[in-house]
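Residue numbers start from 1 in every chain, and the chains themselves are labelled A, B, ... in the order their sequence lines are given, proteins ahead of strands.
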Amino acid sequence: MDFSLEPRTPGCLILTPIFCILHMKNTKNDLTDLPKQYNPSDAEDKWYAYWEENGFFHSEPDGREPYTVVIPPPNVTGVLHMGHMLNNTIQDVLVRRARMQGKNACWVPGTDHASIATEAKVVQKLRKEGIKKSDLSRDEFLEHAWAWTEEHGGIILQQLRKLGASCDWDRTRFTLEEELYDSVIDCFIDLYERGYIYRGLRMINWDPQAKTALSDEEVIHKEVQSKLYHVEYNIAGSDESVTIATTRPETILADTGVCVHPEDERYRHLIGKTVIIPMVEREVPVIADKYVDPEYGTGCLKVTPAHDVNDYEIGQRHGLDVIDMFHEDGTVSEAGIFYIGEDRFEARKRIVKDLEKSGQLVRVEEIRNKVGYSERTDAVIEPRLSLQWFCRMKELAEPALENVMNGNIRFHPEKFTNTYSHWMENIRDWCISRQLWWGQRIPAWYFGDGDDEYVIAKTAEEALRKAREKSGRELTKDELRQDEDVLDTWFSSWLWPITVFNGMKEPDNEEISYYYPTQTLVTAPEIMFFWVARMIMAGYAFRGEKPFSDVYYHGIVRDEKRRKMSKSLGNSPDPLELIARYGADGTRVGMLFSSPAGNDLLFDTALCEQGRNFSNKIWNAFRFLSMNMEEDESYTPSREIDPESLADRWMESRLHQTVLAMDRDFDRYRLNEALQKIYSLIWDDFCDWYIEMIKPEEQGANIPKQRLERALGFFESLMKLLHPFMPFLTEEIWHRIRNRSKTDAIMVSEWPKADPDSVDTDSLELFRTVQQMVSAVRNIQAEMGISPKQTLNLTLKPKNSILADKLAGAEWIFRKLLPAGSFTVDEAASKPGAAAAAVVDGSELYIPLEGLIDLEKERERIQKEIDNTKGFLTSVEKKLGNRQFTDNAPEDVVERERNKQSDATAKLEKLNALLAELGV
RNA sequence: GGGCGCUUAGCUCAGUUGGUUCAGAGCACCUGCCUUACAAGCAGGGGGUCACAGGUUCGAAUCCUGUAGCGCCCACCA
């Protein structure tokens, strides 16, 4: 195996390796170099190349705490779809944040050889070229497969770069590369020696299209409309007959018995007699077994041990013959006697006709039943008796179950532990051999005439030695035959967190010791059994330790109609087109906005649009700040706030508040909530209020230098908090805000520290009052139809003197946000005649509107307020009037209600007074 | 057949320990604004019996029981 995953770069994906440090232009109001709209594609390739060139993605073991994530390896020949987009966006957000927190973040990328899927694709491709797989030798076929893999392999990894994935590309692995291949073989041998792996004749799930055995997990049961055929079987040596119901009449040809319930009076007399199978005229015994449900069908069961799991078991119990009537491709074999060479479903049609002709088809009933389909080929699964390799699971499952149930491994959302435990408690042996060529070949070597004698060995040499030892014969190399089959893909994937660090071959190497156990696995619940559960088992089996601490299950990406996005439906947007249209950042935000853990994502491009708009908002916020820079002046963003400025104190508090909340969200894997918080902080708080407040007093003037530097300081922190979600834009802004050294990237900057002491609740509260007052004025402007430019004289009547001082100090804010002519704060103010008024938080505000006011409208406004307040007050008073409440509720709750009551009462009084002044 | 989950504004969904205007957010919608960062924008606004029926409690979107509808997982009923 000499396959290197050197990324092959398709033309459309060439990354621009050109990088130049951007210098901020301090050209006042010269916006020629800053377009009004943010253009993501310019920035994205540039910054990705920058990150890669500076080795920011690469991790080496060191003294820091590791944060390791292994990618769920996509199929090597796959292309990026929306599911990958979501999966990898989430991983990237987690990894980027961990990196900024100072952890040694290591995200290991790679691809999966996807045995059955890839082989199917290669077979299909060869068929188009007129080559049948059966015409090729194993080696010839593998050559084609490798060629295909090299041609298509790694495209998906290139595409992940477009998304911004901060994978450690130096660590890219492939499940079929030599080291991993070897590890899988070692694993097989080890489990064999420990007694977990055995070879046996079992009823397995056969895929007649792929011509291979499958595990139980690869069978999908679907409910379908079927026909239940009632067929008459004659009793030998009598005129009597029994009617038997079956959904698969073609298998009549392989019947070797008829079974009834031992206590079924209708059929008791038949037990021990002989029945003649229709068509083939074979005489088979009538047996009794409690398995039969007398209520179902006719209460009489035909037994086909070779083609049904239950029938096989019944056959075993009663010593029935086993007649296998199908070839491996599902066509009828010689053993079927009739319809030889016909497909199973064709044979079914024909036998129904023939039975009808012979008068043995009694009736046909429409029913709904479950039929198993191959997960990969969608072929109807044929239960088939076959010699396969199995892995015994019960003991392996024990620690895997225990450590999830006791919280050592946490699932997010937690509800999936139920599904997991249910499966683990009922786990069955795993069929691990596949009749394919693309995969790790089973290291079993047969000698002698049959398949009974074999040894397990890694190499032919070793096998020969062992075989000689075991047989006591001087065997030659030619007498050894290696098993033709390969291992289930998942038999290599379950080692992924170990083998990417070479932990099978060198269990104590520095890397595995440092990076393992990994931290978070991000995947879909669909593959919980295929992969997650098995990785946990392998973790304990081979390292005595969990493979990861947390599993984040995300949902399926669906379209607006809740249909799963798929190629065949054609309802899946091309991720690269989305990135081209909305930017990688916009697309990432769109994916995360509506995607709490565990929930399906109803994808809508409107969400990406929102993400793109957000990019533009940030871009323009930066554009505005840069407009205010003096030419030839250098600016150093500052996190020293002006303690005199309410705007600064408030913004500082909001920042710390948000960091605290985001950290909590991240700890609980609520990524969308963390995103929404930083989104709102930037848009609603920083842009809509903070920037508005620091705008220059006069047109044409610039924001004073220190104030601008503080704004830039805030902006930098905001960009850091946003970086895990929108890596490209934030990096772009980061470098534009100030000239930086080549290695000073936001992606390796420090995540803001959450400090509860920096949350100044007084300032938050005061600013909230100011906001409400400003909004009240704006409401009056809107409702009265007053132009926002119309100068207003503003009088505030605060509820107390402390607030009076504070509001007086905030005059500049009111003036900045409102077209205030005069501004008065007076505890003893009385309302001017023709004025609009509002009550905010116990304080009043008046706007004289001589000539502008519509008294009737104003009355309506006030009356509406009164009605609302009254409603609120009565509900509070009702509560307080209830003795049960005041006696039983905690003191502070009652106290709160009392406060509400007095506040509302006061407000109501004021409003009534205002209304009275307006006259009736 | 067994298990798990969901039902909150037109749509998609938050709502943690039952108690702060808790009935919210985004989108959509309505009104007014091209206010020199941003119309991909700004300001203002309307909209919900929290699926239904009971119960526990001073108090329920939140806890319990039942009903209906929907979804998912598991299972060998011909």
Side-chain angles (χ1 to χ4, degrees), chain A residues 29 31 34 36-38 203 216 221 228 244-248 251 259 291-293 295-304 308-313 367 369-370 372 383 413 415-416 418-423 426 525-526 528-529 556 560 562 582 586 593-596 598-602 604 606-607 609-610 612-628 664 668 670 672-673 676 679-680 687-688 691-692 695 699-700 775 778-783 785 787-789 819 868 872 875-876 879 882-890 892-894 896-897 899-900 904:
Chain A
N29 290 348
L31 296 174
L34 285 186
K36 265 172 110 169
Q37 294 188 344
Y38 172 61
M203 200 45 104
D216 295 335
H221 292 96
L228 186 62
I244 293 172
T246 178
T247 50
R248 300 198 54 194
T251 63
C259 190
Y291 167 77
V292 178
D293 175 3
E295 303 294 314
Y296 191 90
T298 63
C300 192
L301 178 73
K302 73 191 229 12
V303 185
T304 322
D308 185 279
V309 181
N310 298 303
D311 290 14
Y312 179 68
E313 281 166 16
I367 58 157
N369 72 335
K370 293 270 180 107
K415 65 177 179 184
F416 285 117
N418 291 322
T419 317
Y420 177 82
S421 73
H422 185 259
W423 189 74
N426 298 290
E526 293 174 295
M528 187 193 294
F529 307 135
I556 294 167
E560 318 86 74
R562 288 191 183 276
Y582 302 106
F593 250 134
S594 72
S595 183
N599 284 22
D600 285 354
L601 166 64
L602 267 66
D604 188 343
L607 292 165
E609 208 171 308
Q610 200 186 341
R612 179 202 59 182
N613 294 354
F614 186 39
S615 304
N616 202 46
K617 184 74 185 175
I618 293 165
W619 176 250
N620 277 291
F622 169 71
R623 208 168 137 255
F624 172 74
L625 295 176
S626 69
M627 276 171 66
N628 278 277
R664 268 200 308 276
R668 292 181 306 166
R670 300 190 172 212
N672 64 318
E673 292 182 29
Q676 265 156 21
Y679 178 90
S680 167
C687 291
D688 288 351
I691 289 187
E692 290 303 323
K695 276 187 176 174
Q699 283 189 5
S775 294
R778 285 173 177 167
N779 175 271
I780 290 167
Q781 286 175 320
E783 298 218 350
S787 156
K789 287 175 189 162
N868 285 344
F872 179 64
S875 78
V876 173
K879 217 183 237 186
N882 184 350
R883 281 289 303 267
Q884 302 278 27
F885 173 71
T886 47
D887 290 351
N888 293 317
D892 59 317
V893 173
V894 179
R896 262 203 302 270
E897 292 299 318
N899 287 340
K900 279 197 256 177

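Remark: P of C6(B) and CG of D600(A) are 14 Å apart, rounded to the nearest angstrom. One interatomic measurement links the two molecules: CZ of R896(A) to P of G18(B), which rounds to 14 Å at whole-angstrom precision. In this entry the distance linking CZ of F529(A) with C1' of C73(B) reads 6 Å, nearest Å. Per the geometry, CZ belonging to F416(A) stands 9 Å off C1' belonging to C73(B), to the nearest Å. Atom CG of L601(A) and atom P of C13(B) are 9 Å apart (whole Å). If you measure from atom CG of N888(A) to atom C1' of U56(B), you get 14 Å, rounded to the nearest angstrom. When the P atom of G32(B) is taken as reference, atom CG of N779(A) falls 16 Å away, rounded to whole Å. Regarding R670(A), its CZ atom lies at a distance of 6 Å from the C1' atom of U16(B), rounded to whole Å.
Each of C74(B), C13(B), U16(B) was ranked by its minimum atom distance to the side chain of R562(A); first place goes to C13(B). Nearest nucleotide to the side chain of Q884(A), out of A78(B), C58(B), C27(B): C58(B). For A889(A), the side-chain atoms get nearest to C58(B) when compared with the rest of C38(B), C77(B), C58(B). The side chain of P890(A) sits closest to G19(B) out of G44(B), C13(B), G19(B).
Remark: the separation of the P atoms in C6(B) and C42(B) is 36 Å, to the nearest Å. For the P atoms, the distance linking C34(B) with A43(B) amounts to 15 Å, nearest Å. To the nearest whole angstrom, the two P atoms, one in G10(B) and one in C50(B), are 13 Å apart. Atom name C1', nucleotides G3(B) and A9(B): the rounded distance is 33 Å, in whole Å. Rounded to whole Å, the P atom of G44(B) lies 48 Å from the corresponding atom of G66(B). Taking atom P in both C13(B) and A37(B), the straight-line distance is 39 Å, to the nearest Å. To the nearest whole angstrom, the two P atoms, one in G41(B) and one in C27(B), are 8 Å apart. Only the P atoms considered, A53(B) is 15 Å distant from A60(B), to the nearest whole Å.
The base of A37(B) sits within donor-acceptor range of the side chain of E692(A), with an N or O pair under 3.5 Å. Within 3.5 Å, a donor on the side chain of N310(A) pairs with an acceptor on the base of C76(B), or the reverse. You'll find a donor-acceptor pair under 3.5 Å spanning the side chain of Q37(A) and the base of A40(B), going by distance alone. For R612(A) against A40(B), a side-chain N or O and a base N or O form a donor-acceptor pair under 3.5 Å. Residue-to-nucleotide contacts include no donor-acceptor pair under 3.5 Å from the side chain of K415(A) to the base of C4(B).
Looking at V893(A) and F885(A), their side chains come closer than 4.5 Å, going by heavy atoms from C-beta outward. Under the 4.5 Å side-chain criterion, counting only non-hydrogen atoms from C-beta, D311(A) is not in contact with M203(A). Taking 4.5 Å as the limit, every side-chain heavy atom of R623(A) sits out of range of all side-chain heavy atoms of Y38(A).
Using a 4.0 Å heavy-atom criterion, one finds that S680(A) contacts no nucleic acid atom at all. Nucleic acid contact class of P525(A) (heavy atoms, under 4.0 Å, all strands): none. Using a 4.0 Å heavy-atom cutoff across all strands shown, Q781(A) reaches no nucleic acid atom at all. Nucleic acid contact for V893(A): base, since at least one base atom lies under 4.0 Å from a heavy atom of the residue. Residue V292(A) is in base contact, counting any heavy-atom pair closer than 4.0 Å across all strands shown. Within 4.0 Å (heavy atoms only), L301(A) reaches at least one base atom of the nucleic acid.
Base pairing of G10(B) is made with C27(B), judged by Watson-Crick or G-U wobble geometry with both donor-acceptor distances under 3.5 Å. C72(B): Watson-Crick or G-U partner is G3(B), with both key distances under 3.5 Å.
With hydrogens and angles left out, the side-chain atoms of N899(A) and R896(A) include no donor and acceptor closer than 3.5 Å.
With hydrogens and angles disregarded, no donor-acceptor distance shorter than 3.5 Å links the side chain of N616(A) to the backbone of R612(A). Under the 3.5 Å distance criterion, the side-chain polar atoms of N620(A) are left unmatched by any main-chain donor or acceptor of Q37(A). Of the possible polar contacts, one joining the N888(A) side chain to the Q884(A) backbone as a donor-acceptor pair under 3.5 Å is found.
Distances shorter than 4.0 Å separate some side-chain N or O of K900(A) from OP1 or OP2 on U21(B). OP1 and OP2 of C42(B) both lie 4.0 Å or more from every side-chain N or O belonging to R778(A).
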